[in-house]
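Letters A, B, ... mirror the listed sequences (proteins, then strands); counts begin at 1.
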Amino acid sequence: MHGESRPCYFEGSKMSDAPDLSKPYDPREVESRWYDRWEKSGVFEANDEDDGRPVYVIPMPPPNVTGSLHMGHAQRCTLEDALIRYHRMRGFSTLWQPGIDHAGIATQTVVERQLLKEGKTRHDLGREAFVERVWKWKNESGGRIALQQRVLGASPDWRRSKFTMDADLGRAVTEAFVLLHEQGLMYRATRLINWCPECRTALSDLEVENEEGANGELFEFAYKVSGSAEEIIVATTRPETMLGDTAVAVHPDDPRYKPLHGKKLVHPFSDRLVPIITDAILVDMKFGTGAVKVTPAHDFNDFATGKRHGLEEINIFELDGTMNDNGGKFKGLDRKEARRAVKKALDEKGLARGAKPHILTLPRCQRSGGVVEPMISTQWFLKMKDMADRALEAVHTKRVEVIPPEWVKTYDHFLENIQDWCVSRQLWWGHQIPAWHGPGGEIRVARTRPAECGPESDTTWTQDPDVLDTWFSSALWPFSTLGWPERTPSLKKFYPTNPKQTSDLETGYDILFFWVARMIMFGLHFTNEVPFRRVLLSGLIVDETGEKMSKVRGNVIDPLDLIHGASFSSLEPDTLAKFKKSYPSAAQMGDGFPAFGADAVRFTLATYPPSNMRIALAPKRIEGNKHFLNKIWNATRLSLELLGPFELPAKCPAAKDTWNRWVLSRLSNAARIAREGIEAFRIDEAANELYRFFWYDLCDWYLEIIKPRLRDTTQRDEETRATLAWTLGASLRLLHPFVPFVTEELWQKLHDYPEKFASVALERFPEEGDAPRDVAIEARVATLQGVIVAARTVRAEHVIKWADKIPLVVRGDSAALALVRDHVAEIELLTGSAGTPRFEHEGDRPKGYTTSVVPTASGPLEILVGLKGLVDPAHERTRIERELKKLDKDLAAIDKKLSSPSFTDKAPKEVVEESRAQRKSLEEARARLHESLSLVDEL
RNA sequence: GGGCGCAUAACUCAGCGGUAGAGUGCCACCUUCACACGGUGGAGGUCACAGGUUCAAAUCCUGUUGCGCCCACCA
């Protein structure tokens with residue numbers, strides 16, 4: 001066994017603990033070995049040499065399962081590095097929902113949830129204590145994140161960035177805000193905004209999620225017309241808001257209400273009179289009673305109506321969602337209690353007119369899940385129109401390429417309908433707004449506390465207590481992390497202001513609006529340049545049945561469990577039941593699943609095409625890919641054994657032998673497909689081709705063929721040894737981006753690094769031209785393979801044991817025979833023929849032989865296998881009849897096609913010719929089968 | 001209501017104008033000295049439905065049905 005560890009150095013120390021290749025592949029052992037070495041050796045370090053090559057900027061992947069991540073640093077590297085890092089990271093960013101942690105919003109949410117469990121809110125703690133607690137949690141959680149990073153092999157950059165509010169980022173945020181204000185784009189206004197009473201903050205439109213299909217009721221009640229017995233009945237899903245009603249609207253053309261136009265209604269709980277207004281925009285005559293109550297302060301449509309008619313806006317809620325003074329006797333009740341109480345009170349006054357069930361959509365806060373309340377509030381807004389137009393143009397002119405392009409329409413739709421962005425948040429964790437409020441209500445926006453505000457101790461001037469939406473700072477990320485607003489060398493070098501430079505962004509489509517679009521807008525606005533040139537939007541991971549992962553549903557699968565293995569026995573019975581329902585293939589795996597390893601998980605994710613919006617994670621598929629890694633492991637083990645002591649060739653060896661030329665040609669083809677796939681962001685195509693090449697070309701054919709050659713002790717086949725070494729090395733280099741750990745482990749066995757540690761990650765990624773492509777050889781080998789498969793099929797069909805050798809005859813004209821004649825040895829080896837196969841042009845049919853036909857470019861080859869004494873004649877008859885039936889079907893189809901004059905006249909000549917040739921070979925095959933049918937009797 | 005996407009073998013998914021593909025699962029045989037996480041074969045699909053374009057359609061167009069997502073929303 002090739003057990004001794006080859007000399008390999010790392011930072012001056014020998015790798016004496018290198019594993020023995022004679023052991024079976026164990027992902028846990030392999031993967032625990034490499035991470036630290038990569039880090040210490042500088043594989044992750046940015047390539048800062050300015051050698052004119054394009055620079056790729058790759059964002060840090062989200063590191064953990066809590067939803068929080070840190071994005072303080074970008075990866076900067078050359079193309080070669082980028083290819084590798086891209087893949088190393090892809091497993092991440094598709095597994096975890098990306099979120100931005102510039103201001104630590106996710107962390108803040110975690111802490112708020114902790115407080116909730118203690119029966120408190122952040123307001124009970126106070127601003128200072130709360131912020132301190134968030135710090136504490138962040139620092140504590142660091143350790144856990146670190147572990148997960150190590151296992152997955154992502155960049156360690158995050159460790160260098162402290163979990164602190166970065167001063168430079170703070171400066172960039174302030175600068176951006178002030179600039180926008182100076183340019184008149186950032187303004188303060190009082191508007192109806194989305195308010196989350198639970199978080200007690202304003203939200204942007206994007207942070208509101210709609211819950212569909214909520215059960216509610218449509219409640220009807222009457223307003224009495226002032227000074228008359230008449231009434232108008234209105235319907236509402238939110239009766240409590242009637243306390244803020246300042247009008248009832250009807251359609252101007254509605255005949256039912258024409259007599260009432262201009263009259264006033266009596267508000268049952270207040271002494272104000274409510275006018276009847278006519279409004280064709282708000283009112284749909286056909287819906288309900290055709291009359292609508294108008295609450296301008298708590299509904300977006302009503303707000304707009306109020307503006308049109310100059311109605312009073314009466315706010316009835318406190319910031320925590322309870323009734324304020326305007327609620328009159330209902331003051332202090334929360335929204336639900338108030339609803340009940342108002343309904344009851346209306347009923348007591350004889351105004352209730354019944355209720356019916358109604359399905360409605362509830363707007364909910366993305367963070368807390370609380371029902372969002374439209375509230376009138378003074379906030380900071382950012383004008384979006386012009387920025388959006390530029391961002392649209394950038395994508396349309398391909399300055400930014402969106403991949404897959406299907407997303408462009410979604411992007412367009414968002415930007416074309418964009419509303420001004422409410423950027424202020426009444427939270428305590430984040431970048432505070434650089435505005436100062438004076439005693440007389442004056443407001444100063446400035447980079448630092450303005451002189452006219454007086455000293456810090458002057459409490460009449462205070463800084464705006466609000467912080468910015470976390471996505472505001474995130475939008476600055478591409479350049480704020482490079483030192484902007486300073487014109488730093490990093491910014492100059494890495495930010496793609498130079499058209500020669502290229503940057504890619506890879507992320508999930510769920511933050512296309514939140515983050516990607518805003519980075520493009522801010523990039524163009526502040527730097528006049530796009531922040532990256534290509535955006536790859538990958539799908540989201542969902543469970544095996546296609547459902548979104550959710551804790552409630554119990555279908556969340558922790559990628560670390562997939563990597564390390566997990567046991568079902570540790571789960572509660574109903575948790576397990578839910579899990580098995582969501583992952584049918586895992587349910588069949590017995591008492592859990594084994595450790596698949598990070599490589600297998602990563603490779604599996606790489607095989608899903610980016611156009612897949614949803615990636616249904618099937619553990620079985622991961623298992624299959626782990627088998628592939630095992631295959632790589634064992635193939636390398638075999639190769640090392642066959643090679644003995646050897647030197648890895650520095651370049652592709654020149655080969656004469658058919659099989660050597662063939663495998664190099666296939667390698668060249670695989671390298672081409674892999675490169676093309678990666679460059680076009682079709683990682684799946686690259687990964688699948690490498691899987692196919694390694695297993696089917698290299699293992700199933702090439703290794704089988706060369707085994708006896710290299711084991712032959714009478715002669716040393718240097719050409720084949722060099723070809724094997726080269727091909728294996730190139731395969732590992734090709735595979736490394738997809739399966740970094742196992743390839744690194746094996747590469748170190750192939751290659752001695754005499755002085756300092758180096759990694760396969762630093763080796764060149766193979767190209768098509770590294771090895772010669774030889775299409776003619778590939779065709780010849782295809783013929784050989786056809787012959788071998790035909791003989792093997794006969795074997796398998798007749799259940800002939802391997803130990804029983806089969807007499808073999810190959811017939812054909814001289815051209816076709818010439819192809820295979822030189823490869824008797826391989827045919828004998830792989831078919832288990834009895835002695836050397838016989839080759840002949842024509843001749844008497846040997847008794848008891850069965851026939852199959854292999855079509856080749858130079859005419860058909862007939863493969864005759866002697867079955868006498870080896871098989872049951874009845875069995876043989878069934879087989880032939882089955883094949884005939886299939887042939888007849890194919891023949892009928894092609895005859896139908898060829899007999900149609902429209903086909904022969906109109907189809908391209910080559911296509912017609914091809915069909916004719918097909919027909920011919922089918923006919924021949926049929927004739928031979930008929931022949932062997934008669935041979936059955938001879939058995 | 002507007003937009004986008006998906007419906008292909010038992011399952012998870014490729015293919016996207018020229019005779020249906022992969023992995024897993026299934027069946028048969030093989031413990032042949034890299035690997036049973038293996039080998040050799042095999043079975044299995046009128047490519048959701050209905051029209052249309054074309055010599056030719058899983059592939060292009062129209063419509064229908066079912067599912068998913070996004071945006072906007074009905075008082």
>> Can you confirm if the NZ or CZ of A:R692 lies within 45° of the ring axis of A:W701 and under 6.0 Å from the centre of its six-membered ring?
In response: no
>> Work out how far the C1' atom of B:G18 is from that of B:U54, and round it to whole angstrom.
In response: 12 Å
> Reckon A:W407 has a side-chain N or O less than 4.0 Å from the OP1 or OP2 of B:G3?
Replying inline: no
> Between B:U24 and A:K620, is there an OP1 or OP2 to side-chain N/O distance shorter than 4.0 Å?
Replying inline: no
> Rounded to the nearest 0.5 Å, how far does CG of A:L724 lie from CG of A:L638?
Replying inline: 8.0 Å
> Over how many whole Å does the gap from A:Y411 atom OH to B:G5 atom P extend?
Replying inline: 18 Å
> Separation of A:D26 atom CG from B:C37 atom P, in whole Å?
Replying inline: 14 Å
> With sugar-phosphate meaning primed atoms plus P, OP1 and OP2, does A:E704 contact a base, only sugar-phosphate, or nothing at under 4.0 Å between heavy atoms?
Replying inline: base
>> Measuring from the side chain of A:Y608 (C-beta onward, heavy atoms only), which nucleotide among B:G2, B:C13, B:G41 has the closest atom?
In response: B:C13
> Is it true that A:K409 and A:E406 have a side-chain N and a carboxylate O under 4.0 angstrom from each other?
Replying inline: no
> Of the nucleotides B:G39, B:C70, B:C73, which one has an atom closest to the side chain of A:F513?
Replying inline: B:C70
>> Please pick, from B:C73, B:C4, B:G42, the nucleotide with the shortest atom-to-atom distance to any side-chain atom of A:K409.
In response: B:C4
> Starting at the 5' end of RNA chain B and moving along, which residue's nearest nucleotide shows up first, A:I894 or A:N688?
Replying inline: A:N688
> Heavy atoms under 4.0 Å, any strand shown: does A:A893 hit a base, just sugar-phosphate, or nothing?
Replying inline: nothing
> Can A:R795 and A:E797 be said to form a salt bridge (Lys or Arg N to Asp or Glu O under 4.0 Å), step by step?
Replying inline: CA-CA 6 Å; A:R795 263 186 173 281; A:E797 293 270 337; over 6 Å; no
> For RNA chain B, what string of dots and brackets results from 5' to 3' when Watson-Crick and G-U pairs need both distances under 3.5 Å, crossing pairs get [ ], and pairs with another strand get |?
Replying inline: ((((((((.[[[[.)..(..]]]].(((((.......))))).....[[[[[..)....]]]]])))))))....
> Among B:A75, B:A14, B:C55, which nucleotide sits nearest the side chain of A:S902?
Replying inline: B:C55
>> Check the phosphate of B:G41 against A:R792, side-chain N and O only, distance under 4.0 Å to OP1 or OP2. Yes or no?
In response: yes
> Can you list, by residue number, the residues of residues 796-804 of chain A that have a non-hydrogen atom closer than 4.0 angstrom to RNA chain B?
Replying inline: A:A796, A:E797, A:V799, A:K801, A:W802
>> Regarding A:R919, tell me which of base, sugar-phosphate or nothing describes its non-hydrogen contacts under 4.0 Å with the strands shown.
In response: nothing
> Under the side-chain hydrogen bond (donor to acceptor under 3.5 Å, both in side chains) criterion, do A:D279 and A:T305 qualify, and how do the steps go?
Replying inline: CA-CA 8 Å; A:D279 194 286; A:T305 308; 4.8 Å; no
> Between A:L642 (CG) and B:C33 (P), how many Å, whole number?
Replying inline: 14 Å
> In terms of ring plane angle, is the pair A:F603 and A:F628 parallel, tilted or perpendicular, where the classes change at 30° and 60°?
Replying inline: tilted
>> When the P atoms of B:A43 and B:G21 are compared, how many Å lie between them, rounded to an integer?
In response: 13 Å
> Under 4.0 angstrom, heavy atoms only, what part of the nucleic acid is A:V789 near: base, sugar-phosphate, or nothing?
Replying inline: sugar-phosphate
> Rounded to whole angstrom units, what separation is found between the NZ atom of A:K286 and the P atom of B:C74?
Replying inline: 17 Å
> Choosing from B:G2, B:A22, B:A75, which nucleotide comes nearest the side chain of A:K293?
Replying inline: B:A75
> Side chain of A:F903: nearest nucleotide among B:A75, B:G18, B:C73?
Replying inline: B:G18
> Is it the case that A:R621 places NZ or CZ above or below the six-membered ring of A:Y608, under 6.0 angstrom from the centre and within 45 degrees of the axis?
Replying inline: yes
>> The side chain of A:P908 is closest to which nucleotide in this list: B:G18, B:A75, B:A72?
In response: B:G18
> Heavy atoms under 4.0 Å, any strand shown: does A:T289 hit a base, just sugar-phosphate, or nothing?
Replying inline: nothing
> How far does the P atom of B:G45 sit from the matching atom of B:C61, given to the nearest Å?
Replying inline: 29 Å
>> Taking the C1' atom in each of B:C70 and B:C27, what is the distance between them to the nearest angstrom?
In response: 46 Å
> How far does the C1' atom of B:G5 sit from the matching atom of B:A75, given to the nearest Å?
Replying inline: 32 Å
>> Within a 6.0 Å radius of atom CD on A:E416, are there more than 12 heavy atoms belonging to other residues, nucleotides or ligands?
In response: yes
>> Quick check for you: to the nearest 0.5 Å, what is the distance between A:I233 atom CD1 and A:K293 atom NZ?
In response: 15.0 Å
>> Among B:A22, B:C73, B:G18, which nucleotide has an atom closest to any side-chain atom of A:N210?
In response: B:C73
>> What's the gap between B:G25 and B:U64 when it is taken at their C1' atoms, as a whole Å value?
In response: 34 Å
> Are the charged groups of A:R339 and A:E217 less than 4.0 angstrom apart, N to O?
Replying inline: no
> Which whole number of Å gives the distance between the P atom of B:G17 and that of B:C6?
Replying inline: 14 Å
>> The test is side chain to side chain contact (heavy atoms under 4.5 Å, CB included); show your working for A:I827 and A:V787 and say whether it passes.
In response: CA-CA 8 Å; A:I827 294 173; A:V787 170; 4.3 Å; yes
> Given the C1' atoms of B:A22 and B:U31, what is the spacing between them in whole Å?
Replying inline: 28 Å
> Has A:H627 got a side-chain N or O lying under 4.0 Å from the OP1 or OP2 atom of B:G38?
Replying inline: yes
> Rounded to the nearest Å, what distance is computed from the NE2 atom of residue A:H413 to the P atom of nucleotide B:G5?
Replying inline: 14 Å
>> With side chain to side chain contact (heavy atoms under 4.5 Å, CB included) as the criterion, how do A:I632 and A:L735 come out once you've worked through the C-alpha distance, each side chain's angles and the decisive distance to 0.1 Å?
In response: CA-CA 10 Å; A:I632 297 173; A:L735 282 161; 3.8 Å; yes
> Considering only B:U19, B:C35, B:C13, which nucleotide approaches the side chain of A:N630 most closely?
Replying inline: B:C35
> Rounded to whole angstrom units, what separation is found between the CG atom of A:L360 and the P atom of B:C73?
Replying inline: 15 Å
> Counting any heavy atom closer than 4.0 Å, what does A:D302 reach on the DNA or RNA strands: base, sugar-phosphate only, or nothing?
Replying inline: nothing
>> Whole angstroms only, please: what is the CG-P distance between A:D890 and B:G18?
In response: 18 Å
> When you match A:R795 and A:D684 each to their closest nucleotide on RNA chain B, which lands nearer the 5' end?
Replying inline: A:D684
> Can you tell me if the side-chain N/O atoms of A:N301 get under 4.0 Å from OP1 or OP2 in B:C74?
Replying inline: yes
> Base, sugar-phosphate, or nothing: which does A:Q918 touch, judged by heavy atoms less than 4.0 Å apart?
Replying inline: base
>> Within the 4.0 Å heavy-atom criterion, would you say A:L282 contacts the bases, only the backbone, or no part of the nucleic acid?
In response: base
> What nucleotide, of B:C73, B:C13, B:C35, holds the atom closest to the side chain of A:R621?
Replying inline: B:C13
> Do the side-chain N or O atoms of A:R692 get closer than 4.0 angstrom to the phosphate oxygens (OP1, OP2) of B:A14?
Replying inline: no
> In whole angstrom, what separates A:L898's CG from B:U19's C1'?
Replying inline: 12 Å
>> Assess whether a salt bridge exists between A:E623 and A:K620, defined as any Lys/Arg side-chain N lying under 4.0 Å from an Asp/Glu carboxylate O.
In response: yes
